[in-house]
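Right, one structure below, let's go through it.
Below, each value reflects all heavy atoms present in this structure, side chains not excepted, and no hydrogens, waters or symmetry copies.
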Amino acid sequence: MTASSPDPEPGAQSKARKPPRRGEAMPALEQLAAHYPQLFGAVFLPLKRGIFQDLLQAHPDLFDQATLKSALALHTRSTRYLVAVADGRQRHDLSGQPVEPMAPEHVYQALLEVFRRRQARDKEDLTPSLRRRMVQAFERSGLTPEAYAALVHGRDAQVNAWLDEALQQARSTQAKDEALLRAFESGAQPVQAFADMYGLQGHDVEQALARARRSRSRVVPAAE
């Protein structure tokens, strides 16, 4: 990310960079919400890369570059925005259309930041919920457990331990799902009849079979 191209990357801002001043950025944020309520209104959506340049080109006389940069930085650091990223939503353009998936590492970084903010003000231990969200983020990534861990592991040993626990849980679920899929494929019964034979709910079996098929197609990112 360069100074002239502040694409929103959760957790990627430099600690040395001066944080944006809310008072200076608020008028620009209000203008953004008025022009693009589908992105900056009541519901926040992840923004596409290059949104800064898109806004300058769309409104050459409306936004000062420095102020717009501060407004976008404040917006993308907000908890509401990070929640949208952590939910795995796609990046959107100015028309509100999804244009590209959010990178798994950015989803993970947003997930951790939202957890830290909420845990700081909540007396309840939120780590069980964090591990569940880690499993969900991993499953959406399309990566193998090994590739996902290599991509998102950081310097925090405790967080890495939680991630390892989440991935171990995912591996266990994958093994059970794969066994169920193999049993299903060995016969010729409809899903509901197969579920009834094992005393399971048809909906649960359909979900397990779908997860198993997705697991078979997990990919490892190509080496750069």
Side-chain angles (χ1 to χ4, degrees), residues 1 6-22 25-26 28-30 32-33 36-49 51-52 69-93 96 98-143 145 147-170 173 211:
M1 187 185 309
D7 292 330
E9 302 295 348
Q13 295 88 355
S14 169
K15 293 182 180 179
R17 186 179 302 170
K18 184 181 296 184
R21 295 181 179 179
R22 185 176 182 84
M26 280 306 298
L29 284 172
E30 291 172 356
L32 288 171
Y36 304 100
Q38 72 275 24
L39 297 178
F40 300 92
V43 177
F44 289 0
L45 292 174
L47 305 175
K48 72 178 283 287
R49 301 173 190 273
I51 202 79
F52 176 73
K69 188 186 303 181
S70 294
L72 286 177
L74 187 65
H75 176 78
T76 57
R77 292 173 183 172
S78 69
T79 299
R80 287 173 61 194
Y81 183 85
L82 292 174
V83 166
V85 175
D87 285 344
R89 299 185 185 185
Q90 293 192 64
R91 292 180 181 273
H92 291 67
D93 62 16
V99 293
E100 60 178 324
M102 184 67 67
E105 61 269 30
H106 295 154
V107 174
Y108 184 78
Q109 290 165 5
L111 189 63
L112 291 183
E113 182 58 28
V114 171
F115 162 75
R116 290 178 178 126
R117 294 182 186 185
R118 289 177 172 172
Q119 188 63 84
R121 65 175 187 268
D122 200 317
K123 295 181 180 180
E124 181 184 357
D125 181 12
L126 301 180
T127 54
S129 175
L130 174 64
R131 284 194 291 267
R132 288 194 296 271
R133 296 296 301 278
M134 284 177 168
V135 171
Q136 293 169 355
F138 155 69
E139 290 177 342
R140 289 195 301 262
S141 73
L143 301 173
Y148 188 79
L151 184 65
V152 304
H153 260 172
R155 298 179 179 178
D156 190 320
Q158 180 60 77
V159 171
N160 288 340
W162 291 334
L163 174 63
D164 292 341
E165 292 173 3
L167 292 179
Q168 184 55 46
Q169 177 184 336
T173 300
R211 286 196 304 265

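H106 contributes atom NE2, which lies 14.0 Å from atom CG of L111 (distance to the nearest 0.5 angstrom). Atom CZ in R140 sits 11.0 Å away from atom CE in M102 (nearest 0.5 Å). Rounding to the nearest 0.5 Å places CD of Q38 at 12.5 Å from CZ of F44. Atom CG of L163 sits about 10.0 Å away from atom CZ of F138, to the nearest 0.5 Å. The structure places CZ of R211 at 6.5 Å from OG1 of T173, a figure rounded to the nearest 0.5 Å. Atom CG of L47 sits about 7.5 Å away from atom OG1 of T76, to the nearest 0.5 Å.
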Steps toward side chain to side chain contact (heavy atoms under 4.5 Å, CB included) verdict (M134, V159): CA-CA 11 Å; M134 284 177 168; V159 171; 4.2 Å; yes

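Partners of T79 by side chain to side chain donor-acceptor pair (under 3.5 Å), not counting sequence neighbours, listed by chain and number: R117. In this view, D87 and R133 satisfy the salt bridge (charged side-chain N to carboxylate O under 4.0 Å, His left out) rule, not counting sequence neighbours. Applying the ring pair (Phe, Tyr, Trp, His ring centres under 6.0 Å) rule to Y108 yields no partners; only residues at least two apart in sequence or on another chain are considered. Looking at residues two or more places apart in sequence or on another chain, you find a side-chain contact (heavy atoms from CB on, under 4.5 Å) between V114 and L82, V83, R118. Every residue meeting the side-chain contact (heavy atoms from CB on, under 4.5 Å) condition with A149, not counting sequence neighbours, appears here in chain and number order: H153, L167. For N160, there are no side chain to side chain donor-acceptor pair (under 3.5 Å) partners, not counting sequence neighbours. Checked against side chain to side chain donor-acceptor pair (under 3.5 Å), E30 has no partners two or more places apart in sequence or in another chain. Taking the ring pair (Phe, Tyr, Trp, His ring centres under 6.0 Å) definition, one finds that H92 meets it with nothing, sequence neighbours left out. Judged as a side chain to side chain donor-acceptor pair (under 3.5 Å), and not counting sequence neighbours, E139 has no contacts.
Shown here for D93 and V99, the closest heavy-atom pair between the two residues is OD2-CG1, 3.5 Å. Residues L29 and A71 approach most closely at CD2-O, 3.4 Å, considering heavy atoms. Shortest non-hydrogen contact noted between A25 and L74 is CB-CD2, 4.0 Å. The minimum heavy-atom distance linking P104 with L151 is given by the pair CB-CD2, 3.9 Å. Contact between A137 and V107 at its shortest, heavy atoms only, is CB-CG1, 4.3 Å.
A donor-acceptor distance shorter than 3.5 angstrom exists from the side chain of R80 to the backbone of A42, with no hydrogens or angles considered.
The side-chain heavy atoms of F115 and T127, taken from C-beta on, include a pair separated by under 4.5 Å. Between F40 and L72, some side-chain heavy-atom pair lies under the 4.5 Å cut-off.
Within the structure, salt bridge (Lys or Arg N to Asp or Glu O under 4.0 Å) contacts touching residues 119-130 (residues at least two apart or in different chains) do not occur. For residues 151-169, the salt bridge (Lys or Arg N to Asp or Glu O under 4.0 Å) pairs, not counting sequence neighbours, are R131-E165.
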